[in-house]
Amino acid sequence: MSQRGKELASTFSPAEIEAPLYEKWISAGYFTADANSKKEAFTIVLPPPNVTGVLHIGHALDQTLQDCLARIKRMKGYEVLWLPGMDHAGIATQNVVEKQLAAQGMSRHDLGREEFVKKVWQWKAESGGAILGQMRRMGDSVDWSRERFTMDEGMSNSVLALFKKMYDAELIYRAERIINWCPRCLTALSDIEVEHQDDAGEFVQVRYGDGEQSIVVATTRAETMMGDGAVAVHPDDPRYKHMIGTEVLLPLVNRMIPIIADELVDPDFGTGAVKVTAAHDPNDFEMALRHNVPFVVIMNEHGIMEGSGTEFDGMDRFDARVAVVAKLKELGRIVAEKRPYIHAVGHCSRCDTTVEPRLSKQWFVKVAPLAKASADAVRSGAVKIEPVELAPRYFDWVDNMHDWCISRQLWWGHRIPVWYGPNGEMVVVGPGESAPAGYVQDADVLDTWFSSGQWAFSTFGWPEKTADLAKFYPTSVLVTGYDILFFWVVRMMMMSTFAMDGVPPFKTIMLHGLVRDQFGKKMSKSRGNVVDPLEFMDKYGADALRFTLARGANPGTDQALAEEWIGGSRNFATKLWNATRFAMMNGATVEGPMPDVSKLNAIDKWILSRLTETIRDADSLFEKFEFAKASELIYHFAWDDLCDWYLELSKESFATGNAADSQRVLGHVLDQLMRLLHPLMPFITEELWVSLTGGESLVIAQWPEAILSYLDNAAENLVTQMQAVITEVRRFRNDQGVKATAKIPGRLATNGELAKYSSAMGFVLKLEAKEFTPTASFEIGSVKCELDLSGTVDVAAERARLTKDLATVQKDQQTAQVKLGNEGFMAKAPLEVVTEIKERLVKTQAEIERITAALAALPSA
RNA sequence: GGGUGCUUAGCUCAGUGGUAGAGCGUCUCGUUUACACCGAGAAUGUCGGGGGUUCGAAACCCUCAGCGCCCA
């Protein structure tokens, strides 16, 4: 049943229309992609949010932009797939469930691995994925029939297959290395799971050895000295050159250790001599390998001192630091101390515990060849980064990447598909394979990014050769914040390019910024400036939130967000609502063919010309991912051109009837405007468009096309003149204290085309057409305006206004004269610029004459 | 320490060589049958400082100052 002509409520209430419209779209199946379609594919995979997550303002931005692209392409006739899903978020999710257990006084070990993992699945079924429901409120046009989870069967299969493929290609290996270790989560972390903060530590200088055979080392980690295997200096350091190769006494444990020379030591740092603690520092580890320094482990997995054979065993690492320094002081070995000493310290990104470098056996991905392929894909132009200014950051990262530690000592995640035999054999078990009897599987699981890094192809069924994979890979564009360029994007690039035989996962990487508070400060819980997108949607509607975010989305840059701005977008929605309501009350229609443009009045011609320009420019801005500029453009067309000028200038003809052509034109303009706005504000545009046109849905409507034959310079010039006249008269009325509502006798005398519109202008200006004796008269361009102010002209106000205007114009005139009198300018400036200045000079002269005459005509009150 | 941005109206930001812009805020007037979530009008800027290139610089170059982010 057609909904056309359904009367619109006088106020727009988003809450009433949003949910039903989303239901309508879903039940119509508009978002379900067809792998067998003959249309060209346009694919986006949603960066999968954590299963533990709720929708935050950053998601809202990310999804607004993706939805906008998806909807545009759908309207342009592409087979659009926007694939949603979630990430199992290993540590985060395990932490959530462990906390629940802890509340019952239990740990995961009380349950055992199998039971615990069951418990996590149970948690996921009951409370996971809240964000998916929240995405529906945003209006996201995702294909729910293809929803994926990184732990589901298909994706697990992909993980097994890729692990094996990478292992066979010798891109995965197991080794004993110094890794980042979280003593609270009890697992290894990759570099990107470590956050560096400036912490207040201490910097002490400790004398090793005695007398001639002594050296002072500087350290922030005195507690690890029991694990020292050497002291290192720079090979060219004159202070220590003579000592290289000799030994000094390590205090507290009374062990002799060698002094070695290594380029890595910075002679300007501290004393220029550093302790080498091979098992507890990544740099020291590197040096130790080069110089055969022994690895002495003096701390356990909980960060408790263990194995040093000293009184400090059993102490927490931080307590031990204090105790060790106190003891050294007692022994007279502290040469200098600096406290607090501010330096960067790594923290676990999940629980904030200070990370401990730890020697341990882990699985690694050899990234060099993968990173190179990823870098090449961008360098060759196969993958574009938008905005291009962010590409150097990408290269900086991929060109200097360390091997990636992928094993985690967790239970929630993809278990490493490696099995060990009784005699140290090792097999990697791929999909559908099984390990020989008696083999035991590796206890660890894989880093979550190992599976989410496969998101661009595992979601389509890889390694099977599926129809989806053939149709939708590689994806068209990846939309994400620049903050996860190094985390997820680089991993996607590496793993996809390898798995898919050199075909990178996306054609374009479109990076947006972060949403910050209204003062441009980062949102954080501690600052208390975090905003909730759901609250905003309740209050202002999803369209208002989306439009605000899109309008702030300049490529690659952060945006500030204030609640009032969302209110402003809500006002815009209301404006659209009322304008459409007014238009329909006045007979706006899309029935029948468009009238012959040449027969239209200039106002109609003008709005069609402006519409064409708006469609053309907005479309090109959208194609360039310039969401902010496109939004701004459409906003001003709708509010300024359409509402403030077109509707006002057309009121006379609507009031007097005989406006069939204008009704059709207005119907067309609104129809096209709603299409253009639909990707940004899907709900209200759908409601209004269906009401106006009786069409089925904007989701499947055609994207507006700029009809270039509508471009009309003459009409634009004419309306610009009308606007100037109206603005000038309004200003005069205002200065004279005439109420905006008051009708006053007046007439606009002019000739030529403009004369046809003096009654339309008079209508807007509330001029009464009757016989009168003018008490005020002035000229605006070719238009002479005469008004009857009933004798009460405020001469002083008018004189002040005219004097001010005169000063402005005289300044303009002077600027133009100076330029034209400048030989250099005349000789070197382009002709069109010179012409423009000459025209400006003529205009200013005319203005000056006009204003001077007006001033002279004023009574000398 | 290395890299990389930024500094334009009260606030947040557009503006890559030709008369300084937007949104919000501010001031004045206004309940006109689309809209007070509105309309009309107005005010507001040595474009961070200094130097240079150019006929012409907010824009290009140098320099200083301040702020931010990423990496170590």
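These figures come from a predicted structure and were not determined experimentally.
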Quiz prompt | Minimum-distance nucleotide (side-chain atoms of A:Asp812 versus B:C38, B:U19, B:C55) | solution =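 Closest nucleotide to the A:Asp812 side chain: B:U19.
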Can you tell me the Watson-Crick or wobble partner of [N], both distances under 3.5 angstrom?
{"N": "B:A42", "result": "B:U26"}
{"N": "B:U4", "result": "B:G68"}
{"N": "B:C60", "result": "B:G52"}

Sugar-phosphate, base or nothing in reach of [X], heavy atoms under 4.0 Å:
{"X": "A:Asp483", "result": "nothing"}
{"X": "A:Phe519", "result": "sugar-phosphate"}
{"X": "A:Ala827", "result": "nothing"}
{"X": "A:Arg551", "result": "sugar-phosphate"}
{"X": "A:Lys651", "result": "base"}
{"X": "A:Pro830", "result": "base"}
{"X": "A:Arg730", "result": "sugar-phosphate"}

Report task. Could you tell me whether A:Arg551 sits above the aromatic face of A:Trp565, with NZ or CZ closer than 6.0 angstrom to the six-membered ring centre and within 45 degrees of the axis? Result ->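 Judged by the rule (NZ or CZ under 6.0 Å from the ring centre, within 45° of its axis), A:Arg551 is not positioned above A:Trp565.
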Working to the nearest 0.5 angstrom, can you tell me the gap between A:Glu798 CD and A:Phe732 CZ?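 Reported to 0.5 Å precision, the distance equals 4.5 Å.
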Could you state the atom-to-atom distance from [atom1] of [X] to [atom2] of [N] in whole Å?
{"X": "A:Glu563", "N": "B:C37", "atom1": "CD", "atom2": "C1'", "value": "14 Å"}
{"X": "A:Glu823", "N": "B:G56", "atom1": "CD", "atom2": "P", "value": "13 Å"}
{"X": "A:Asp640", "N": "B:A22", "atom1": "CG", "atom2": "C1'", "value": "10 Å"}
{"X": "A:Phe487", "N": "B:C71", "atom1": "CZ", "atom2": "C1'", "value": "11 Å"}

(message) I'd like to know if the side chain of A:Tyr482 pairs up with that of A:Asp558 as donor and acceptor (distance under 3.5 Å, no hydrogens or angles considered).
(response)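 Short answer, yes.
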Presence of donor-acceptor pair under 3.5 Å, side chain of A:Arg393 and base of B:C70 =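 It does not, because no donor-acceptor pair links the side chain of A:Arg393 to the base of B:C70 below 3.5 Å.
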- Would you call the rings of A:Phe547 and A:Tyr635 parallel, tilted or perpendicular if under 30° counts as parallel and over 60° as perpendicular?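 Taking A:Tyr635 first and then A:Phe547, their aromatic rings lie parallel (interplane angle under 30°).
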